[in-house]
Amino acid sequence: MRLFDTLTRTERELRPIDGSTFRFYCCGPTVYGPAHIGNFRTFVLQDVLRRTLETGGIHTLHVRNITDVDDKTIRDSQKADRSLAAFTAGWTTKFHADCEELGLLPPHIEPSAVEHIPQQITMIQTLVGNGNAYASDDGSVYFKISSFPDYGRLSHLDERELHLGKTQNARSNSDEYEKDSLSDFVLWKGRKPEDGENFWPSPWGDGRPGWHLECSAMIQEYLGDSFDLHSGGVDLVFPHHENEIAQSQCACGGRFAANWFHTAHLLVDGGKMSKSLGNLYTLADLAARGHTAMEVRYVLIGAHYRKPLNFTLDSLSGAREALAKLAKGARHLASKIEPDTRLTRADFGPFQAAWDSLNHDLNIPGALGGMFTGLREAAQLTGTDAAAALAGFNRLLRALGLTLPEEMVHASSEIPDAIQSLAESRWQARLAKNWAESDTLRAQLAEQGWLVKDGKDTYTLEPAGN
RNA sequence: GGCGGAGUAGCCAAGUGGUAAGGCAAUGGUUUGCAAAACCGUCAUUCGAGGGUUCGAUUCCCUCCUCCGCCUCCA
C-alpha cells in the first residue's frame with residue numbers, strides 16, 4: 001500500500017525493510033485517566049493501517065508503549081493516594097478494556113516505561129559518552145541539540161529558527177539556567193521532593209527518565225536502530241518525535257523510522273475538545289448515551305486520517321444506521337449463495353474500488369463509500385460471483401475492523417424484564433386488534449426510552465435514539 | 001509572530017484539470033389499524049470570497065476571509 005510520509009512529505013510504498021515483517025511503533029497512552037475518543041481516533045487509525053497491511057498479506061510487528069511514569073501520572077497517583085504502580089495499572093486495565101471494545105488488535109509487544117529504566121539509562125550513558133548529552137548540577141541530564149545537525153528536519157525547525165532564537169533570549173533570564181540552550185531537552189530528571197517515592201538510581205543520582213527518552217529506548221530494545229514506521233498524533237511531531245530522532249540516531253546510528261504516520265486531531269462540534277467545554281468524551285460517556293463502541297469506531301474512521309474529524313453526537317446515530325445498512329446488504333448477499341457454493345476466486349469483485357481506496361494513503365472514507373456502492377452492484381450477483389463478492393466484502397470489513405450487528409436488536413440481552421413484558425402485552429393487544437390499548441402501551445414504552453418496531457410475525461425493541 | 005493543516009449540500013464526508021462517491025437527515029411512493037421498520041424513488045449546474053492561467057478549474061497560481069493544530073504537556 002502507499003502512504004504519505006511526514007518526513008519526506010511524499011507518498012511512498014510500504015514494504016518491510018527487512019523483507020519479511022513490517023515493524024512499526026506507535027506512541028501509546030499516558031495512563032493517568034480514561035482515554036478519550038480523540039486518543040482513540042489515533043489508535044483506531046493505526047489499527048486500520050495494521051489490518052490493511054495484514055489483509056494485503058504483509059506480516060506485522062506492532063509495538064505500542066504504555067507511559068506509566070511522568071509528571072501527570074505521579075501527580076495524580078499522589079492525589080489518589082495510591083502507589084504509582086497501582087494507579088497506572090488500574091488505568092492500563094481500563095485502557096485495554098476500551099481497546100477491546102473498539103475492536104483494536106492488541107499490539108504484539110506493549111512495553112512500559114517503568115519496566116525499561118535500565119535500557120533508558122544505558123542510552124543516556126551512550127549519549128553522554130558521545131558528547132550528545134550533558135549532566136547539570138541538579139542531577140538531570142540534557143540532550144545537546146547543537147550536537148545533532150539534523151535536528152528539526154521532521155518539523156521543519158530550520159524554518160522556525162529565527163523565532164526559536166528569540167525565545168531563547170527571552171527565556172534565558174528565567175529559572176531554566178540549567179541548560180546550555182533553551183531547546184535542549186531533558187533525558188533524565190533529577191529527583192525532586194514532589195516526586196515522592198518515585199525515583200530510580202542512576203549514574204547521575206536518583207531521578208526518573210524524561211518522557212521523550214522512553215520511546216527511543218523501547219524502540220531500540222524491540223525494533224533496533226532501523227524499522228518501518230513510527231506513528232502518533234500530529235501534536236507529537238514536535239517536540240516528541242523530533243527528539244526521538246535526535247536521541248536514537250545519536251545513540252544507535254541507523255536511520256530510525258523509514259516512514260512517519262501522523263494522524264490529525266478530532267474536533268468536537270468544530271472546536272477543540274476540552275474538559276472545561278464539557279465536550280470531552282470517553283467511551284463510557286458515549287455508552288451512557290446508548291452508543292456502542294462499534295458505532296464510535298465507525299465515526300472515528302469516517303474521515304481521512306490527515307484531515308481533522310469533526311465529531312458530533314448526531315454522527316453516532318448515523319453510524320448505527322450505516323452499520324445496519326451494511327449488515328443488511330451482507331445478509332442479502334449471503335442469501336444468494338447456495339450452501340455448496342465453492343469459492344473459486346480471491347479478488348474483491350465489486351469491492352475492488354473500496355480496497356484500492358484503502359491502499360491509497362489509507363483512504364477509509366473512500367473505502368466505506370465503495371462498500372455501499374459495491375453492495376448495490378453485488379445485489380445482482382448469484383452463485384459463485386455472489387460468494388466471491390461476499391468474501392471480498394468480509395475481507396474489507398476485517399481490514400476496517402468493523403463487526404456488524406447480527407440482528408437489529410443489538411441490545412436484546414439488556415432489555416429489562418419490565419420493558420419486555422410491557423412490550424409483550426402490547427403485542428397481544430395488537431393481535432387482538434385492541435388498537436387503543438396497543439397505542440397506550442407503545443406510548444408507555446416510548447416514555448421509558450424504548451422503540452417498538454413491528455414486523456410481520458414478531459416485533460423488536462430498541463433503545464430510542466438520542 | 002513562525003510552521004503546518006482545513007473550508008464540498010441541513011449534518012458527517014470522498015474525489016478529480018473535463019464537468020461533484022458514500023452515509024445520515026429530509027422528502028415522495030408502496031406497505032401498515034395508525035406510526036415506526038422495511039422496500040422503491042428524489043435530494044449540490046455546484047465545491048469559503050475575489051482575481052489569474054487554461055479550450056475547460058471545485059481541482060493549478062495569486063490575494064483575501066474564516067477555522068483548527070503545533071511552537072510548553074497533549075493522540
Side-chain angles (χ1 to χ4, degrees), chain A residues 6 9 26-30 32 35-46 67 70-72 75 152 155-167 171 176 182-183 185 211-212 231-240 242 262-267 269-274 298-326 328 332 353-354 357 360 363-376 408 430 433-436 438-439 442-443 446 451-456 459-460 462 464-465:
Chain A
T6 314
R9 303 197 181 194
C26 304
C27 289
T30 301
Y32 68 106
H36 59 249
I37 54 172
N39 297 313
F40 281 122
R41 182 188 188 196
T42 294
F43 299 135
V44 167
L45 288 170
Q46 291 162 346
T67 297
D70 78 323
D71 294 347
K72 282 177 289 205
R75 179 196 66 205
S155 60
H156 293 229
L157 200 89
D158 48 331
E159 292 154 31
R160 312 188 300 195
E161 230 164 11
L162 196 74
H163 168 68
L164 206 76
K166 277 186 202 159
T167 321
R171 292 217 197 141
E176 306 204 301
L182 183 87
S183 41
F185 57 90
W211 176 55
H212 305 300
S231 173
V234 274
D235 52 295
L236 296 184
V237 173
F238 186 88
H240 186 58
E242 198 72 76
H262 288 109
T263 53
H265 274 177
L266 177 99
L267 306 177
D269 297 325
K272 189 173 180 173
M273 177 169 51
S274 77
Y298 186 90
V299 170
L300 293 180
I301 63 175
H304 187 85
Y305 75 91
R306 282 197 279 137
K307 281 190 178 183
L309 164 65
N310 189 21
F311 178 87
T312 63
L313 288 173
D314 282 348
S315 61
L316 277 177
S317 308
R320 173 173 303 180
E321 299 306 320
L323 286 166
K325 192 169 182 171
L326 287 174
K328 217 175 300 166
H332 177 75
S357 288
H360 184 199
N363 185 349
I364 302 173
L368 285 170
M371 290 187 80
F372 287 99
T373 50
L375 233 26
R376 207 170 297 143
M408 285 309 300
R430 185 172 181 273
K433 296 194 191 298
N434 186 347
W435 310 131
S438 166
D439 288 353
R442 183 168 62 193
L451 195 64
V452 190
K453 293 181 181 178
D454 293 336
K456 203 167 164 97
Y459 63 93
T460 59
E462 273 180 39

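Throughout, protein chains are lettered first and strands after them, A, B, ... in sequence-line order, and every chain is numbered starting at 1. Given the structure is predicted, the values throughout are model-derived calculations rather than measurements.
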B/A20 to B/A44 separation - C1' atoms, rounded to the nearest Å: 7 Å
Pairwise P distance for B/A13 and B/C68, with rounding to whole Å: 15 Å
Those residues that, when tested against A/H360, pass side chain to side chain donor-acceptor pair (under 3.5 Å) (two or more places apart): A/E11
5' priority, RNA chain B, between A/N363 and A/Q46 [closest heavy atom]: A/N363
Exam field: side chain A/E242 to backbone A/S155, donor-acceptor pair closer than 3.5 Å: yes
Euclidean distance, atom CG of residue A/L300 to atom P of B/A13 [Å, nearest integer]: 12 Å
A/W435 over B/G33, stacked by centroid distance under 5.5 Å, angle under 30°: yes
C1' spacing across the pair B/C71 / B/U58, given as an integer number of angstrom: 33 Å
Touch class at under 4.0 angstrom, heavy-atom based, for A/L266 against every strand present: base
Euclidean distance, atom CD1 of residue A/I301 to atom C1' of B/C24 [Å, nearest integer]: 15 Å
Contacts of A/Y298 that satisfy ring-ring contact (aromatic ring centres under 6.0 Å, His included) - sequence neighbours left out: none
Heavy-atom closest contact (A/V299 atom, A/L309 atom, distance): O-CD2, 3.4 Å
Atom-to-atom span, CE of A/M371 to C1' of B/G22 - whole angstrom: 12 Å
Separation between the C1' atoms of B/U8 and B/C3, rounded to whole Å: 26 Å
Most 5' of A/K433 and A/H304 on RNA chain B, judged by nearest nucleotide: A/H304
Sugar-phosphate, base or nothing in reach of A/S357, heavy atoms under 4.0 Å: nothing
Geometric class of the A/F185/A/H212 ring pair [parallel <30°, tilted 30-60°, perpendicular >60°]: perpendicular
Full working for side chain to side chain contact (heavy atoms under 4.5 Å, CB included) between A/T67 and A/Y32: CA-CA 9 Å; A/T67 297; A/Y32 68 106; over 6 Å; no
Partners passing ring-ring contact (aromatic ring centres under 6.0 Å, His included) against A/H304 (at least two apart in sequence or in another chain): none
Any donor-acceptor pair under 3.5 Å from A/S357 side chain to A/A353 backbone: yes
Whole-Å distance separating the NE2 atom of A/H212 from the C1' atom of B/C73: 9 Å
Sugar-phosphate, base or nothing in reach of A/G318, heavy atoms under 4.0 Å: sugar-phosphate
Gap in Å between the two C1' atoms, one belonging to B/U31 and one to B/U45, rounded: 36 Å
Heavy-atom side-chain contact between A/I364 and A/L45 under 4.5 Å: yes
Length of the line joining A/H332:NE2 and B/C39:C1', which is rounded to integer Å: 12 Å
Sugar-phosphate, base or nothing in reach of A/G38, heavy atoms under 4.0 Å: base
What does the list of N/O pairs under 3.5 Å between the protein and nucleotides 5-11 of chain B look like, with a distance for each?
{"residue": "B/G7", "atom": "OP1", "partner": "A/K307", "partner atom": "NZ", "Å": "3.1"}

Watson-Crick and G-U pairing of RNA chain B written in dot-bracket, each distance under 3.5 angstrom, with | for inter-strand partners: (((((((..(((.....[...))).(((((.......))))).....(((((..]....))))))))))))....
So which protein nitrogen or oxygen atoms get under 3.5 Å of nucleotides 35-38 of chain B's nitrogens or oxygens?
{"residue": "B/A35", "atom": "N6", "partner": "A/D454", "partner atom": "OD2", "Å": "2.7"}
{"residue": "B/A35", "atom": "N1", "partner": "A/R442", "partner atom": "NH1", "Å": "3.2"}
{"residue": "B/A35", "atom": "N3", "partner": "A/R442", "partner atom": "NH1", "Å": "2.8"}
{"residue": "B/A36", "atom": "N1", "partner": "A/D454", "partner atom": "O", "Å": "2.7"}
{"residue": "B/A38", "atom": "OP1", "partner": "A/K328", "partner atom": "NZ", "Å": "3.0"}

Spacing of A/H360 atom NE2 relative to B/G15 atom C1', expressed in whole Å: 11 Å
Atom-pair distance (CG on A/L375; P on B/A21), nearest Å: 19 Å
Whole-Å gap separating C1' (B/C71) and NE2 (A/H240): 17 Å
Non-hydrogen atoms of A/Y305 and A/R41 that approach each other most closely: CA-NH2, 3.8 Å
